[in-house]
Q: 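For reference, the structure I am asking about is given below.
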Amino acid sequence: MDVIIRENYGQMSRYAAEIIAGYIRTKPNCVLGLATGRTPVGTYKELIRMHREEGLDFSEVRTFNLDEYLGLGMNLDKPYDLDQSYARFMHEELFKHINIKKENIHIPDGLAKEPKKYCAYYEEEIRKAGGIDLQLLGIGGDGHWGFNEPGSSLGSRTRVVALNEQTLNDNYNAFFKKAGFKRSEMPCFAITMGIGTILEARNIMMLASGGGKADIVAKCLEGPITAQVTSTAIHLHGGDVTVVLDEAAASKLIRYEHYKQVERLKSQYGL
Ligand code: GLP
């Protein structure tokens, strides 16, 4: 596992975008797993810049998003800026700015008539695409990946989950409140890829930014593996695992100096 620490959010985002761009340049039809939340927004902005200024080509790239609120989806009948679906988020923050093909975008359908059946279908779509080459991840305040709340099995698959109080509060304050929603109007279920699904991605990259994430990042990277902090499954992954943090998010890591030293040595030896 590589733990990369950058001075601030901008540098963290540029580092992450460069890794993603590397996948796209090496394998133009690569399959990317994408995440929502405030954390990856800077990375998406940088990818958009690379597309515009450097010709980064998304025309063959395929994407699978981690999750979606149940009951929400890209619903153009609703006033656009009130739609808090992750589908709209992805459209606004990335997809509408790049040359990705609509048919290559996959986001769990929060409006699916039969959600359980739909979850099995989503897994099948990932399989048919040949699996995910690189899964981008944030980390929730309670340590979740996607919407795999504490207590989710580390072998879990794509399924419908109930959101816990902390996640509802976090996401209300970050998104729904600004759009004028009442707390009671928030969807309290979601469809999420499972931890088992995420671990099947060939490589993963987790981002975290800000002092508010420092404690949970330390638990995730340096605490015991536990289903109470589902992102600790990071230690079970066998591929390339990269964690990109800004200084504030890294500030509670016991082995902070070690990670810095490893990065210095790797660059010195060209590894
Ligand atoms: C939501 C998403 C997660 C994301 C998390 C953190 O719960 N389902 O995928 O990692 O929020 O969001 P933020 O980056 O805004 O802190």
Side-chain angles (χ1 to χ4, degrees), residues 8-10 12-13 16-17 32-46 63-73 84-90 92-94 106-110 119 122 132 134-152 156 158-179 181 183 186-195 197-199 201 204-217 219-221 229-234 242-246 248-250:
N8 53 41
Y9 178 74
M12 177 204 79
S13 302
L32 299 175
L34 296 179
T36 49
R38 288 156 301 175
T39 312
V41 169
T43 305
Y44 294 152
K45 279 202 166 64
E46 182 61 12
T63 63
F64 284 88
N65 261 79
L66 282 169
D67 48 11
E68 178 62 283
Y69 295 103
L70 200 66
L72 300 189
Q84 290 302 302
S85 69
Y86 281 165
R88 173 184 164 270
F89 175 96
M90 289 308 300
E92 290 293 312
E93 302 294 343
L94 181 65
H106 305 82
I107 301 174
D109 183 1
C119 292
Y122 198 68
I132 292 170
L134 175 69
Q135 176 67 54
L136 178 65
L137 296 158
I139 180 170
D142 59 11
H144 66 229
W145 273 348
F147 274 132
N148 290 281
E149 299 288 36
S152 300
S156 52
T158 302
R159 67 205 185 288
V160 174
V161 291
L163 303 178
N164 77 13
E165 215 42 35
Q166 182 177 351
T167 300
L168 288 169
N169 288 335
D170 287 351
N171 291 359
Y172 178 67
N173 291 323
F175 295 104
F176 286 75
K177 198 176 179 176
K178 290 179 200 140
F181 281 80
R183 170 69 175 72
M186 266 201 78
C188 45
F189 290 94
I191 295 177
T192 184
M193 277 189 206
I195 295 293
T197 320
I198 294 168
L199 289 177
I204 60 180
M205 175 163 66
M206 183 176 91
L207 311 181
S209 160
K213 292 283 172 72
D215 283 315
I216 199 66
V217 163
K219 273 192 190 157
C220 166
L221 299 184
V229 181
T230 55
S231 55
T232 58
I234 197 163
T242 310
V243 179
V244 194
L245 307 172
D246 63 12

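Atoms within each ligand, like the ligands themselves, are counted from 1 in listed order.
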Q: Non-hydrogen atoms of Gly146 versus ligand 1: any pair closer than 4.0 Å?
A: yes
Q: Less than 3.5 Å between some nitrogen or oxygen of Asp67 and one of ligand 1, yes or no?
A: yes
Q: With backbone taken as N, CA, C and O and side chain as the heavy atoms from C-beta onward, which portion of Thr39 lies under 4.0 Å from ligand 1: side chain, backbone, both, or neither?
A: both
Q: With a cutoff of 4.0 Å, is Trp145 in contact with ligand 1, counting heavy atoms of the residue only?
A: no
Q: Indicate whether any N or O donor in one side chain lies under 3.5 Å from an N or O acceptor in the other, for Asn164 and Thr167.
A: yes
Q: Evaluate the side-chain proximity of Met186 to Phe181: yes if any heavy-atom separation is below 4.5 Å, no if none is.
A: no
Q: Could you tell me the residue and atom name of the protein heavy atom closest to atom 12 (O) of ligand 1, and the distance to it rounded to 0.1 Å?
A: Gly37 CA, 3.8 Å
Q: Geometry only, no angles: is Pro40 polar-contacting ligand 1 at N/O separations under 3.5 Å?
A: no
Q: Among protein heavy atoms, which lies nearest atom 6 (C) of ligand 1, and at what distance?
A: Ile139 O, 3.6 Å
Q: What's the spacing between Thr192 OG1 and Arg159 CZ if we round to 0.5 Å?
A: 6.5 Å
Q: Determine, stepwise, if the pair Leu245 / Lys213 fulfils side chain to side chain contact (heavy atoms under 4.5 Å, CB included).
A: CA-CA 10 Å; Leu245 307 172; Lys213 292 283 172 72; over 6 Å; no
Q: Which residue supplies the protein heavy atom nearest to atom 4 (C) of ligand 1, what is that atom called, and how far is it?
A: Thr36 O, 3.8 Å
Q: With heavy atoms of Gly138 as the reference, note each atom of ligand 1 found under 4.0 Å away.
A: 10 (O)
Q: So Tyr69 and Tyr86, would you call those rings parallel, tilted or perpendicular, with 30° and 60° as cut-offs?
A: tilted
Q: Measure the distance from atom 5 (C) of ligand 1 to every protein heavy atom, then report the residue, atom name and distance (to 0.1 Å) of the closest one.
A: His144 NE2, 3.8 Å
Q: How far is atom 2 (C) of ligand 1 from the closest protein heavy atom, and which atom is that?
A: Tyr86 OH, 3.5 Å
Q: Quick one: look at Phe89 and ligand 1, take heavy-atom pairs under 4.0 Å, and tell me if it's side chain, backbone, both or neither.
A: neither
Q: Does Ser156 use its side chain to pair, donor to acceptor, with the backbone of Ile195 at less than 3.5 Å?
A: yes
Q: Are any non-hydrogen side-chain atoms of Asn169 and Arg183 less than 4.5 angstrom apart?
A: yes
Q: Take Phe175 and Arg38, measure what side chain to side chain contact (heavy atoms under 4.5 Å, CB included) needs, and give me the verdict at the end.
A: CA-CA 9 Å; Phe175 295 104; Arg38 288 156 301 175; 4.0 Å; yes
Q: Looking only at protein heavy atoms, which one is nearest to atom 16 (O) of ligand 1, and what is the separation?
A: Lys213 NZ, 2.5 Å
Q: Checking side-chain contact (heavy atoms from CB on, under 4.5 Å) between Met193 and each of Asn65, Ile132, Asn148, which is the one that passes?
A: Ile132
Q: Counting non-hydrogen protein atoms only, what is the nearest one to atom 15 (O) of ligand 1? Give residue, atom name and distance.
A: Arg38 N, 2.7 Å
